[in-house]
Colleague: 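The structure's right below; bear with me while I get my questions together.
Position 1 is the first residue of the sequence; numbering continues from there.
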Amino acid sequence: MTIQQPFLTDVEELRSRARASIEKGAVTSDYQGDVKQAIEILQTVLATEIVCVLRYTMNAVAAVGIASESVKKEFDEHAREEQDHMRAVAERINQLGGTPNFSPEGLATRSASQYAVGGNLVEMIKENLIAERIACEHYRELIRFFSDKDPTTRVMMESILAKEEEHANDMHDLLVAREGRPML
Ligand SMILES: [Fe+2]
Ligand SMILES: [Fe+2]
């Protein structure tokens with residue numbers, strides 16, 4: 001019950017944030033303008049991935065309980081994959097002529113997903129599922145935005161999206177295994 005509201009709120013916030021970047025200035029044939037906008041959007045994506053690395057790493061360390069070894073392993077694997085995403089996005093920003101923003105200052109504000117601290121194992125899994133679903137929404141929207149304007153960035157985002165969908169599915173499976181019923 002409590003899980004539905006924050007999820008909806010986050011998605012609305014995420015959408016308006018993504019839209020604010022997308023609608024900034026008319027899209028013109030001016031290449032420079034597009035590049036600047038692309039970098040701005042990618043900085044948000046980078047922050048989102050950094051927060052995901054931090055959250056999964058914290059979860060992998062903090063997960064306790066007799067049945068949590070397999071879950072810890074899953075959290076660890078996700079932390080590594082989020083790190084790959086973080087790196088790929090940072091490289092793309094660099095390729096476009098920007099400086100990837102790794103500053104801890106304002107990180108949570110730049111990120112589309114939250115650094116939520118789940119208390120017990122099930123809460124951690126739920127928070128990760130929420131974060132993954134937000135990431136999927138975010139990537140789908142940005143893939144549509146980049147479409148054929150920047151195919152390189154789009155293709156990178158498509159491959160990250162496929163991974164995020166896997167992550168969401170993994171978290172959902174863990175939840176079903178623990179709660180005995182589908183959450184969604
Ligand atoms: Fe990711
Ligand atoms: Fe993920």
Colleague: Restricting to non-hydrogen atoms, name the atom on Phe75 and the atom on Tyr56 that form the minimum distance, rounded to 0.1 Å.
Modeller: O-CB, 3.6 Å
Colleague: Is any side-chain heavy atom of Arg92 closer than 4.5 Å to one of Val45?
Modeller: no
Colleague: Ion pair present between Lys163 and Glu166, side-chain N to carboxylate O less than 4.0 angstrom?
Modeller: yes
Colleague: With a 6.0 Å cut-off (strictly less than), is the heavy-atom count around CZ of Arg87, excluding the residue itself, greater than 12?
Modeller: no
Colleague: If you measure from CG on Asn128 to OG on Ser113, what distance do you get to the nearest 0.5 Å?
Modeller: 9.5 Å
Colleague: Can you name the closest pair of heavy atoms from Ile134 and Ala112 and give their distance?
Modeller: CG2-O, 3.7 Å
Colleague: Quick one: are Asp173 and Glu74 in side-chain contact, heavy atoms under 4.5 Å?
Modeller: no
Colleague: Determine whether Met156 and Val89 make a side-chain contact, defined as any pair of heavy atoms from C-beta on separated by less than 4.5 Å.
Modeller: yes
Colleague: Closest heavy-atom contact between Ala47 and Arg110?
Modeller: CB-CB, 3.5 Å
Colleague: After noting the C-alpha distance and the side-chain angles of Val122 and Lys126, does the key distance pass the side chain to side chain contact (heavy atoms under 4.5 Å, CB included) rule?
Modeller: CA-CA 6 Å; Val122 169; Lys126 279 183 183 171; 4.0 Å; yes
Colleague: Looking only at non-hydrogen atoms, find the nearest pair between Gly119 and Met124 and report the distance.
Modeller: O-CE, 4.1 Å
Colleague: Would you mind reporting whether Gln37 and Phe145 have side-chain heavy atoms less than 4.5 Å apart?
Modeller: yes
Colleague: So, Gln43 side chain and Thr99 main chain: donor-acceptor pair closer than 3.5 Å or not?
Modeller: yes
Colleague: Give, for atom CG of Leu161 and atom CD of Glu141, the distance between the pair rounded to the nearest 0.5 Å.
Modeller: 12.5 Å
Colleague: How close do Leu129 and Ala168 get, counting heavy atoms only, and between which atoms?
Modeller: CD1-O, 3.4 Å
Colleague: How about Met86 and Phe102: do any of their side-chain heavy atoms sit closer than 4.5 Å?
Modeller: yes
Colleague: Give the cluster check for Ile50 versus Val61: same hydrophobic cluster or not, with ILVMFWY residues linked at side-chain heavy-atom distances below 4.5 Å.
Modeller: no
Colleague: With distance as the sole criterion, is a donor-acceptor pair present between the side chains of Gln83 and Arg80 under 3.5 Å?
Modeller: no
Colleague: Same cluster for Ile93 and Val155 if Ile/Leu/Val/Met/Phe/Trp/Tyr side chains link at under 4.5 Å?
Modeller: no
Colleague: Please report the interatomic distance NZ(Lys73) to OG(Ser68), rounded to the nearest 0.5 Å.
Modeller: 11.0 Å
Colleague: Could you check if a side-chain atom of Thr44 sits within less than 4.5 angstrom of a side-chain atom of His138, using non-hydrogen atoms only?
Modeller: yes
Colleague: Looking only at side-chain N and O atoms, does His85 offer a donor or acceptor that is under 3.5 Å from a partner on Glu164?
Modeller: yes
Colleague: Rounded to the nearest 0.5 Å, what separation is found between the CD1 atom of Ile160 and the CD1 atom of Ile143?
Modeller: 9.0 Å
Colleague: Give me the atom names and distance for the closest heavy-atom approach of Ala63 to Leu121.
Modeller: CB-CD1, 3.5 Å
Colleague: Partners of His167 by ring-ring contact (aromatic ring centres under 6.0 Å, His included), sequence neighbours excluded?
Modeller: His78
Colleague: Without swapping roles, check the side chain of Thr57 against the backbone of Ala79 for a donor-acceptor pair under 3.5 Å.
Modeller: no
Colleague: So how far is it from Ile125 CD1 to Met171 CE, rounded to the nearest 0.5 Å?
Modeller: 6.5 Å
Colleague: Would you give the length of the straight line joining atom CD of Glu132 to atom CD of Glu137, rounded to the nearest 0.5 angstrom?
Modeller: 13.0 Å
Colleague: What do the steps show when you test Arg178 against Val71 for side chain to side chain contact (heavy atoms under 4.5 Å, CB included), and what is the final call?
Modeller: CA-CA 11 Å; Arg178 260 145 200 86; Val71 181; 3.3 Å; yes
Colleague: With a 4.5 Å limit on heavy-atom distance, are the side chains of Ile41 and Phe146 in contact?
Modeller: yes
